[in-house]
Every structure is written in C-alpha cells, then in structure tokens.
Amino acid sequence: MVSRHLFGNIYGGFVMHFYCFVLLFLRLHLASGDVSYSVAEEMKRGSVIGNIAQDLGVGTRKLSSRNARIDTDGNEKRYCDIDSKTGDLVVVDRIDREGLCGKKASCVLKEELVLENPLELHRINIHVQDVNDNAPQFSEDFIAFEITESAVKGARFPLTQAHDADIGSNSVQRYVLQNNEHFNINVDIEGTGLKNCELILVKELDREQDKELKLLLTALDGGSPQRSGTAVIHVTVLDANDNAPVFSQAVYKSSLPENSPLATVVVTVTAADADEGPNGDITYNFDHASVEHGSLFTLDHKTGEIRVTGAIDYETETLIELRVRAKDGPGLTSYTTVIIDITDVNDNAPVISLKSLTNPIAENVSPGTEVGIINVQDRDSEKNRQVRCSIQPNVPFKLVPSIKNYYSLVSTAPLDRELVSEYNITIVATDEGSPPLSSSKTVHLSVADVNDNPPVFEEQSYSAYVTENNKPGSTLCSVTARDPDWRQNGTVIYSLLAAEVNGAPVSSYLSVNGDTGVIHTVRSFDYEHFRSFKVHVVARDNGSPPLSSNVSASVFVADVNDNSPQILYPSPEGNSFMTELVPKAAHGGSLVSKVIAVDADSGQNAWLSYHIVKSTDPGLFTIGLHSGEIRTQRDISESDSMKQNLIVAVKDNGQPSLSATCTMYLLISDNLAEVPELKDISYDENNSKLTFYLIIALVCVSTFFLTFIIIILGVRFCRRRKPRLLFDGAVAIPSAYLPPNYAEVDGTGTLRSAYNYDAYLTTGSRTSDFKFVSSYNDNTLPADQTLRKSPSDFAEAFGGCDESPEDLL
Ligand SMILES: *[C@@H]1O[C@H](CO)[C@@H](O)[C@H](O)[C@H]1NC(C)=O
Ligand SMILES: *[C@@H]1O[C@H](CO)[C@@H](O)[C@H](O)[C@H]1NC(C)=O
Ligand SMILES: *[C@@H]1O[C@H](CO)[C@@H](O)[C@H](O)[C@H]1NC(C)=O
C-alpha cells in the first residue's frame with residue numbers, strides 16, 4: 001500500500017508488481033521471525049518502506065513506550081527510521097544501490113529494530129531493488145582509431161565497453177553504431193554480460209576518399225525507460241600507398257624550335273598522387289627508353305620541368321618522344337609520353353658540291369658546252385630548303401637548272417686562254433628562309449691551251465745595219481716573235497727562210513739563233529761588194545701542228561773608209577812622161593792639167609779633196625779643192641823655171657781620211673823642141689832610169705789604149721750578154737771630173753743630189769774592178785730619205801738591191 005502510494009505517480013504499471021513482491025517477502029519474514037522489505041533505490045526521504053509495527057505485531061503504543069528504534073548493524077549509515085506514531089519504516093537517507101552494493105546482484109541493507117523493556121531485537125533486511133537510474137557511459141567521449149586504409153575486410157578493432165552502473169537488464173544491453181558503410185559492430189555475449197565489443201571492417205577504407213570517419217556509438221541498457229550513452233568513434237584513416245601517381249595528361253605535346261637556347265622550358269609534366277606524405281612524394285625521371293635524349297633534355301625530378309640542355313637539331317630528329325616516369329616514395333610508378341615536335345629553323349646554309357668539273361677546259365670549246373655539274377643541298381625543310389643558285393655575271397658561264405637540285409655549268413661564250421686563262425666562278429646559293437642563308441663556292445677553272453696563235457713578230461719588218469769589214473759571227477740584230485700560246489704551243493723557234501743571196505745560200509751570210517732570234521753574221525761584208533740584202537726569218541711554234549709566220553729582215557751594209565783614193569792621172573808612180581806642157585803665154589787662171597782620182601768608198605769616204613803639198617814655185621799653180629784642176633795663179637813670166645813639179649795629195653773625207661799623193665810634172669814651154677830638156681828634168685830626179693821609164697811609159701800608153709778599146713767593146717758586149725759580171729766590180733766613182741752634178745754629202749751621209757758616173761779610163765787603172773756606170777741615179781737614196789727604221793720605206797728604197805745587180809746599172 002505504501003509502495004503503491006509511493007510509486008503510483010511515477011512508475012504507473014510497475015507499482016502493482018512491486019506491491020505483490022513486497023507482500024511475498026513480508027509473509028516470508030513473518031514466518032522466519034525476521035522482517036524483510038524490499039525497497040527500490042533512490043526513494044525520497046520519508047517514503048514508507050513498510051509498517052514494521054504491524055508486521056511484527058507490536059502495537060503502535062508499545063512502540064513508543066518500548067522506545068523502539070532502528071539500529072544499524074555496525075557503524076553503518078542509517079538509511080531508514082521508524083515512525084513511532086504509525087509504526088512505519090521510512091526512508092531517511094538516499095539509498096543508492098550502486099553505491100551500496102555496486103555490481104552485486106542482491107543488495108540487502110541490514111537494520112535492526114531494537115525494542116526495550118524487554119529488549120527485543122528484530123532484524124530487518126531491506127532488499128534494495130535496482131532502478132534504471134544510470135545510463136550507459138563510455139569511459140571517453142572519443143574513441144580514436146587509426147586504421148590504415150590498406151586494412152582488409154573483416155578486420156576487427158576492439159572497442160572499450162560502455163559502463164552502466166545498473167545491473168541486470170538495466171545494464172548495457174546492446175550497442176548501436178551509426179549507420180555507415182565501412183564498419184559494423186559485433187558484440188559477443190557471454191552469459192549475461194557483453195564482452196568483446198569490436199568494430200568489424202566491412203568495406204575497405206580509402207583515405208583518399210575519407211580521411212577520417214566519425215561514427216556515433218550508442219550503448220543502450222535494458223531498463224525501462226531505456227537509457228543510453230554515446231561515444232564518438234573517431235577513425236583516422238592512415239594512408240597506405242595505394243595510389244600510383246597520375247599524370248595530368250596521358251600525352252604531353254609541345255613544339256620546340258630547333259637551336260632553342262639552353263634551359264628553355266619545353267614542357268612541365270605534373271603527376272598527382274592521392275597518397276600523402278612519402279607515399280605521395282613524386283619524383284620524375286626519364287624512362288629508360290628515353291636515355292638517348294638525356295643529353296638533350298633534363299627533367300627536374302621535383303617539378304617535372306623539362307628543359308633543353310643540348311643542341312636541338314631538327315635535321316637530326318623532327319619529333320622527339322620522351323617517356324617520363326613518376327614515382328612516389330615507396331615506388332609506385334606511372335608513365336606519360338612527352339612528344340616534342342621540333343620545328344625547323346633556317347640554320348643550315350645550302351651546301352654546294354661540285355659533282356664533276358672538266359678542268360682544264362680547252363679554249364676552243366663551243367659555247368653551250370657543259371663544263372661541270374653542281375649539286376646544292378639544304379638540310380632544312382620546306383621554304384628553308386628552297387635554294388636559288390647563281391653565279392657572278394662577269395664570266396662566260398651560266399648555271400642551267402637540271403634535274404632536282406642539280407645544275408649544269410655551261411659556257412656561254414667562246415673562251416680564249418690568251419685573254420683569260422682561268423676563271424674563278426663563284427656560285428652563290430641562297431635559301432628562302434627568313435633570314436635567308438647563303439653559301440658560296442668558288443670553282444677554279446683553267447682554260448687549256450690550243451695552238452691557235454701563230455708567232456707574231458714584233459715588227460712588220462726588220463732592218464739591220466752593219467759596217468763593212470765586220471767580224472764574222474758578230475751580232476747583227478735580233479728578231480722577236482711572240483706567241484701567246486702556252487708552253488710548246490707558244491715556244492718560238494727562229495730560222496732563216498732558205499733562199500739565195502747573190503747566188504749563195506743565205507746561210508752563208510747570216511745565221512739566226514733558233515731560241516733567241518739573234519741574227520749573226522757568218523762572213524765579213526764588203527760594202528764595195530754589196531750594200532744590202534734581204535732575208536726572211538721564220539718564227540715557228542712548237543705546237544702540233546705548228547703555226548708559223550715570217551718577217552723580212554733587210555741588212556744594210558754601211559761603208560767604212562777602207563779604200564784610199566786612187567789617183568788615175570797622173571800615174572801615182574810618177575813617170576816623167578806624164579809631163580804637161582804649159583804654154584809660156586798662159587795667163588793667170590788658165591787650166592793647165594787635172595788630177596783625176598777615184599775612191600771605191602762612197603759618200604764622205606769618197607769625197608775627195610786635192611791639195612798641193614809641195615811645188616817648185618809655190619805661187620804659180622793652184623789646184624781646185626774638189627775639182628783637181630790645176631790652174632796658173634798668175635801669168636807665166638820669163639823668170640819662171642821651165643820645169644815645175646807639183647806634189648798633189650788627194651784626200652778623201654773619211655774618218656780618218658785616207659790619202660794618196662802623186663807628182664805632176666809641168667814644163668813651161670811652147671814647143672816640144674825643148675823636150676830633150678825633159679830628160680834632164682827627169683834625169684835630175686831619176687837620172688839613171690829615165691830611159692827605161694820612157695820606154696815603159698810608151699808601152700803603157702799603147703797598152704792602155706788597146707785595153708781601153710777592148711774594154712769599151714767588152715762592156716758593150718757584156719751589157720747584153722753577161723750582166724752579172726758587171727755588178728761585182730761596179731764601183732761608183734763620184735764625178736769629181738764633172739763639177740755640175742757633183743754630189744754633196746750632208747751631215748747624215750745622205751747623198752743630196754743625183755750623181756753621175758761616166759766611164760773613164762786612164763793609164764792609172766790597175767784593175768778591171770772599176771766599171772764606170774753612166775748613171776747611178778736610180779739607185780741612190782732620195783734626198784729626203786733618212787735611215788729611218790721604216791720597213792716599207794726601206795723596202796721601197798732598196799727594193800732591188802738583193803735581186804738583180806743589173807738594176808744597178
Ligand atoms: C682565283 O683564285 C685563286 C685563289 O684564290 C687566285 O690565286 C687567282 O688569282 C684567282 N684568279 C682569278 C682570275 O681571279
Ligand atoms: C698545245 O695545243 C694542242 C692543241 O693544238 C693541245 O692538245 C696541247 O695540249 C697544247 N699544249 C699545251 C702545253 O697546252
Ligand atoms: C711568209 O708570210 C707570208 C705572209 O705573211 C706568206 O704568204 C708566206 O707563205 C710565208 N712564207 C713562208 C715560207 O712561210
């Protein structure tokens with residue numbers, strides 16, 4: 001009843017049950033003499049446990065009179081007391097079952113009711129009944145787990161248990177885990193208690209998905225109302241290297257101009273690793289297969305930056321494929337491909353190569369001849385390899401494009417080695433890159449000789465002057481011919497053209513040095529024999545076939561004063577017959593006689609002058625300086641000696657001059673009766689031989705006369721029949737005897753006017769060498785012609801001198 005009242009308000013349905021339970025105990029205790037009560041813990045103070053007076057059968061009045069009181073067994077705390085008015089046992093202190101008994105299944109408070117007078121002791125057992133007044137409680141709010149993500153399914157992780165001070169069904173009955181996909185909770189039930197509570201992994205963890213999990217774990221007791229406690233399970237997912245690095249691109253493409261400077265960044269590869277820490281630490285490396293390019297590129301192991309470290313050459317490789325490996329700490333790897341497209345830069349100049357060359361090339365090739373073949377290559381591509389080729393304009397060659405990148409070098413004009421013997425043909429090749437590159441090659445081409453030039457004499461004709469009486473072998477002159485051809489084709493050999501001069505082979509007069517062209521005389525020349533002649537010198541080269549040309553060389557023999565004047569009259573021997581009669585009555589200025597002299601030389605050398613060297617009476621006679629005429633200077637007087645002797649010197653005008661002397665005997669008398677004195681005169685001078693000389697003189701005169709007649713006839717005859725003989729002895733005798741046309745010689749030795757020759761014959765002629773020509777006009781030099789070296793002039797002037805002597809006559 002008390003119980004009912006007590007709990008009625010709070011725990012509705014539970015009250016009835018408890019009431020019956022109490023009644024059961026009361027009857028039991030009554031039977032044994034002790035009193036037992038059952039009471040729920042945590043009852044309010046003053047709550048009635050039972051009416052002990054009634055249960056013991058003791059009247060209420062007795063209770064107070066017998067001084068009833070509750071005594072604790074020992075020193076224990078007093079939880080209940082007796083109400084002496086009603087006899088109710090009431091709660092006086094908080095009864096906490098857990099505090100009193102802990103986990104013991106039955107918790108009994110032992111009290112004693114003491115009655116005095118007489119002393120009566122009744123034991124009171126108060127069974128404290130558990131009430132679900134404690135919720136399950138975890139020892140900590142956070143249960144931390146560190147579970148590696150590599151943990152396999154089914155792995156178990158023990159949990160600490162929740163604690164519930166209550167007992168029995170009021171203690172923890174089950175656990176509820178927050179709904180999640182990874183874990184389940186498993187509780188082993190051993191007897192009444194829960195043991196071995198653990199988390200079971202039902203689905204693998206992935207740190208990369210969830211780094212941590214927070215799961216609410218609820219522990220539930222079995223009380224009514226049910227109480228619960230919670231804890232948060234904090235699962236930290238530990239990283240396992242379960243992720244390989246992943247590149248951001250499967251293939252990296254990059255374009256790189258060749259010759260990029262060092263350290264140019266080509267591309268940066270990046271890989272991500274979902275793992276963390278060392279597991280996500282990525283290092284980049286070139287794959288083994290890309291080692292060959294290791295010298296061209298470097299890969300930053302940390303940043304994945306690929307930089308240029310070598311010479312990138314498009315011409316070597318246009319596309320470079322690199323394999324890059326990313327590796328995390330423990331060694332998971334992945335690969336990517338880097339494709340580097342190298343772009344061309346115009347870095348290769350065209351290369352000109354000479355495939356063939358006809359060198360040397362003969363100078364007589366016709367225009368259009370292919371001389372060489374040239375090939376031009378450019379290693380670049382596209383526009384950068386388009387090449388234009390040219391050669392310099394000032395050579396007679398051109399480039400003719402041929403198949404592909406071949407060109408023919410073709411001559412465009414006739415060649416002449418003698419003008420240009422070699423060509424440096426510069427070929428320039430330029431590509432069309434930007435900027436364009438060009439290169440050049442010089443082809444050296446020599447022109448080979450062909451014997452296409454005959455030797456050419458430096459002069460159109462040569463003239464040589466030699467004074468007579470020259471030494472044989474002396475140098476006369478030299479001829480020179482030039483042949484511009486090469487080597488033997490231009491080597492000149494001189495020779496004399498075979499001919500006859502004056503009936504003798506030309507080689508007996510002159511010789512020419514075949515190498516030098518120096519002409520030597522072979523014999524000594526005599527001006528009095530011939531004055532000039534003409535030869536032809538041939539210059540021939542050594543080619544095959546040889547070419548030649550010839551030139552005429554005229555040789556002029558100059559006079560030397562090598563002949564003394566020849567006195568024709570009077571005889572130089574000085575015969576006394578040669579006496580001139582001078583009439584006594586001769587007046588001053590009368591022509592008495594004449595000295596006749598000739599000189600085989602010519603010009604000044606033959607210009608004679610006459611002088612009286614000695615005379616009997618120096619004042620009586622004079623001699624014409626050039627005429628040789630002896631004239632009286634004054635009238636003859638009686639006192640003059642009858643016999644007059646004159647010694648006359650005849651001098652030519654040569655340097656040095658030569659002279660001859662003669663003696664002229666003059667007899668001043670009117671008749672020959674006085675001739676006998678002549679003997680005396682001569683006897684005076686040449687006494688003993690006079691007679692003898694007279695006889696000889698007579699004989700001589702006769703002989704001379706006869707000879708003269710014969711010669712005259714002979715000359716006439718020979719003029720028609722044998723002209724050649726006459727030339728040999730022909731000597732021009734200046735007509736000293738014929739004053740009107742006597743030649744004068746000017747400073748140059750040119751005969752100024754024509755001079756005539758007449759035939760004279762005197763007793764003084766000793767030889768037949770002297771042939772007197774009537775006219776020498778045609779063969780003398782014209783007055784205005786000097787000895788210039790003008791071949792044509794000479795040819796004209798001496799045109800006939802070597803041809804036929806008869807022209808001289
Ligand atoms: C060609 O070149 C060579 C060498 O450079 C040089 O000796 C020669 O004189 C040149 N010839 C011409 C015709 O320029
Ligand atoms: C001379 O010319 C001929 C052709 O006329 C040629 O064959 C030869 O080679 C030339 N000689 C030299 C040394 O050039
Ligand atoms: C000499 O030269 C002339 C022309 O210059 C030529 O006609 C003649 O045949 C040549 N004589 C010889 C023997 O070569």
Side-chain angles (χ1 to χ4, degrees), residues 352-354 357-366 369 371-372 374 390-399 409 411-428 439-464 477 479-501 505-507 509-512 514-515 517 519 533-555 790-792 794-796 798-799 802-803:
I352 304 169
S353 47
L354 191 59
L357 181 68
T358 314
N359 187 24
I361 181 161
E363 58 179 325
N364 60 355
V365 296
S366 49
T369 305
V371 176
I374 282 138
S390 63
I391 59 174
Q392 84 265 39
N394 56 345
V395 291
F397 297 96
K398 65 176 177 185
L399 276 183
L409 185 62
S411 70
T412 57
L415 306 178
D416 186 359
R417 192 202 66 84
E418 286 72 38
L419 285 178
V420 186
S421 65
E422 56 177 15
Y423 291 97
N424 285 337
I425 304 169
T426 305
I427 300 161
V428 179
S439 62
S440 69
K441 186 182 187 69
T442 299
V443 176
H444 185 81
L445 188 65
S446 337
V447 182
D449 189 42
V450 165
N451 193 19
D452 55 353
N453 287 286
V456 173
F457 282 98
E458 283 182 342
E459 311 283 345
Q460 277 181 340
S461 67
Y462 289 85
S463 302
C477 65
V479 296
T480 312
R482 307 237 174 259
D483 188 331
D485 287 327
W486 183 243
R487 295 263 163 86
Q488 69 257 36
N489 291 340
T491 305
V492 180
I493 300 157
Y494 302 94
S495 60
L496 287 173
L497 191 61
E500 286 199 339
V501 173
V506 72
S507 57
Y509 288 86
L510 298 175
S511 70
V512 64
D515 296 331
I519 297 175
F533 58 94
K534 199 170 181 179
V535 296
H536 282 89
V537 182
V538 178
R540 183 174 54 82
D541 63 28
N542 222 352
S544 164
L547 297 175
S548 67
S549 63
N550 61 60
V551 73
S552 70
S554 302
V555 178
S790 167
S792 60
F794 285 117
E796 209 175 292
F798 290 89
D802 63 339
E803 287 161 11

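Side-chain atoms are counted along with the backbone in the values below, which use heavy atoms only and exclude waters and symmetry mates. Whatever order the structure lists them in is the order used to number ligands and atoms, beginning at 1.
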Hey, which atoms in ligand 2 end up nearer than 4.0 Å to a heavy atom of [X]?
X      : result
Trp486 : 13 (C), 14 (O)
Asn451 : 2 (O), 4 (C), 5 (O)
Gln488 : 13 (C)
Asn489 : 1 (C), 2 (O), 3 (C), 8 (C), 10 (C), 11 (N), 12 (C), 14 (O)

Check your understanding: Is any heavy atom of the protein nearer than 4.0 Å to atom 7 (O) of ligand 1?
Key -> no
Exercise for review: Using a distance threshold of 4.0 Å (strictly less than), state whether atom 11 (N) of ligand 2 has a protein heavy-atom neighbour.
Suggested key: yes
Revision key, fill the gap. For Glu422, the ligand 1 atoms with a heavy-atom partner under 4.0 Å come out as 8 (C), 9 (O), 10 (C), 11 (N), 12 (C), 13 (C)
Practice item. First locate atom CG of Asn451, then atom CG of Asn542, and finally report the distance between them rounded to the nearest 0.5 Å. Key: 9.0 Å
Exercise for review: Would you check the N or O atoms of Arg487, main chain and side chain alike, for any that come under 3.5 Å of an N or O of ligand 2?
Suggested key: no
Point to revise | Partner of Tyr494 by side chain to side chain contact (heavy atoms under 4.5 Å, CB included), out of Val551, Asp515, Thr480 | key: Thr480
**Study point:** From Thr412, Ile427, Leu415, residue fulfilling side chain to side chain contact (heavy atoms under 4.5 Å, CB included) relative to Phe397
**Key:** Leu415
Exercise for review: Give the residue, atom name and distance (to 0.1 Å) of the protein heavy atom nearest atom 14 (O) of ligand 2.
Suggested key: Asp449 CB, 3.4 Å
Revision key, fill the gap. Residue, atom and distance of the protein heavy atom nearest atom 2 (O) of ligand 1 read Asn424 ND2, 2.4 Å
Review point. Does Asn550 reach ligand 3 with a nitrogen or oxygen that is under 3.5 Å from one of the ligand's nitrogen or oxygen atoms?
Key: yes
Point to revise | Polar side chain donor-acceptor pair, Asp449 to Asn489, under 3.5 angstrom | key: yes
Practice item. State, without any angle test, whether His536 and Asn550 hold a side-chain donor-acceptor pair at a distance under 3.5 Å. Key: no
Check your understanding: Does Asp485 reach the main-chain N or O of Asn453 with its side chain, forming a donor-acceptor pair under 3.5 Å?
Key -> yes
Review point. Do the side chain of Thr491 and the main chain of Arg487 share a donor and acceptor less than 3.5 angstrom apart?
Key: yes
Check your understanding: Angle class for the Tyr509/Phe533 ring planes (parallel below 30°, perpendicular above 60°, tilted otherwise)?
Key -> tilted
Practice item. Please state which part of Leu497 comes within less than 4.0 Å of ligand 3, counting heavy atoms only: side chain, backbone, both or neither. Key: side chain
